[in-house]
Amino acid sequence: MLNIILMGPPGAGKGTAATWIREDFHLPHISTGDMFREAMASGSPLGEKIRKIVESGGLVSDELTCELVKERLSRPDCQEGYLLDGFPRTIAQAEALKKMGEEIKRPLVAAINLACPAEILVERVTTRRVCPKCGASYNVKTLKPKAEGICDLCGAELIQRKDDNEEAFRTRLENYRKSTEPLLGYYREAGLLHEFDGTLPMGNLKVELSAFLRSLL
Ligand code: AMP
């Protein structure tokens, strides 16, 4: 059963890896970042409440984030496994996830970390373009879509995220180091951590990750 999480600093390649893992392994892709962006796009009170936090690179509260994930994990499509992307981001969220996994009888089997140095991350994030409809990621230099500005997968117009600027990136990286990096030790101790090189070309990373994920089946 593939109950897995994808971790790594902003720009490490989580979104791109998630796009093909969800296709190849038929897993529901649960990205808390996508959930928050959807709420913001809908103009709901919840979306307006979190807009400032997300656009400046801050972290949404553990309480709200965990509530959304808990609801999502309780849906029937997660009975056969799940791929969490960008959650957990704090020790409190990891503890909450452990409880949720026990409740739905789908405990985590692997925490995949994509490691990448900061110089590469800032370049990747500021040149990234994303699909607001299906969440696919592109890059104006290294991963261009077939038709300029258009998503290969669903045909929507690509956008640049408001938090993909250098200032918000610095805040996100700081939050990552302070709140999320400690999770590496947490999952290493639990025997669940598997580290991959996020600087590898996507094709090579895909081969390595696929082999690993197949070994879990
Ligand atoms: P991402 O798409 O994963 O880069 O997330 C975009 C933004 O959404 C983050 O910078 C945070 O503001 C917010 N966010 C996403 N996931 C979480 C989480 N697990 N906890 C708190 N905030 C989150």
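Predicted, not measured: the structure shown is a model, and the values here were computed from it. Both ligands and their constituent atoms are indexed starting at 1 by order of listing.
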* Could you pull out every protein residue that has a heavy atom closer than 4.0 Å to ligand 1, ordered by chain and then number? =>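 Lining ligand 1 at under 4.0 Å, by heavy atoms, one finds T32, G33, F36, R37, V54, G58, L59, V60, T65, G86, F87, R89, Q93, R161, D163, R172.
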* Output yes when E123 and K141 qualify as a salt bridge under the 4.0 Å nitrogen-oxygen rule, no when they do not. => yes
* Asked: Side-chain donor-acceptor pair under 3.5 Å between H29 and D85, yes or no?
  -> yes
* To do: Could you tell me which residues satisfy salt bridge (charged side-chain N to carboxylate O under 4.0 Å, His left out) with E174, sequence neighbours excluded, listed by chain and number?
  =>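 In terms of salt bridge (charged side-chain N to carboxylate O under 4.0 Å, His left out), with neighbours along the sequence ignored, E174 is linked to no residue.
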* Provide the full list of salt bridge (charged side-chain N to carboxylate O under 4.0 Å, His left out) pairs with a residue in residues 188-199, sequence neighbours left out, each pair given once. => R188-E195
* To do: Using the salt bridge (charged side-chain N to carboxylate O under 4.0 Å, His left out) rule, collect all pairs that involve residues 88-98, keeping only residues at least two apart or in two chains.
  =>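 The answer is none; no pair qualifies.
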* To do: For I104 and L73, work out which heavy atoms get closest and say how close.
  =>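 What the structure gives for the nearest pair is CD1-O, 3.7 Å.
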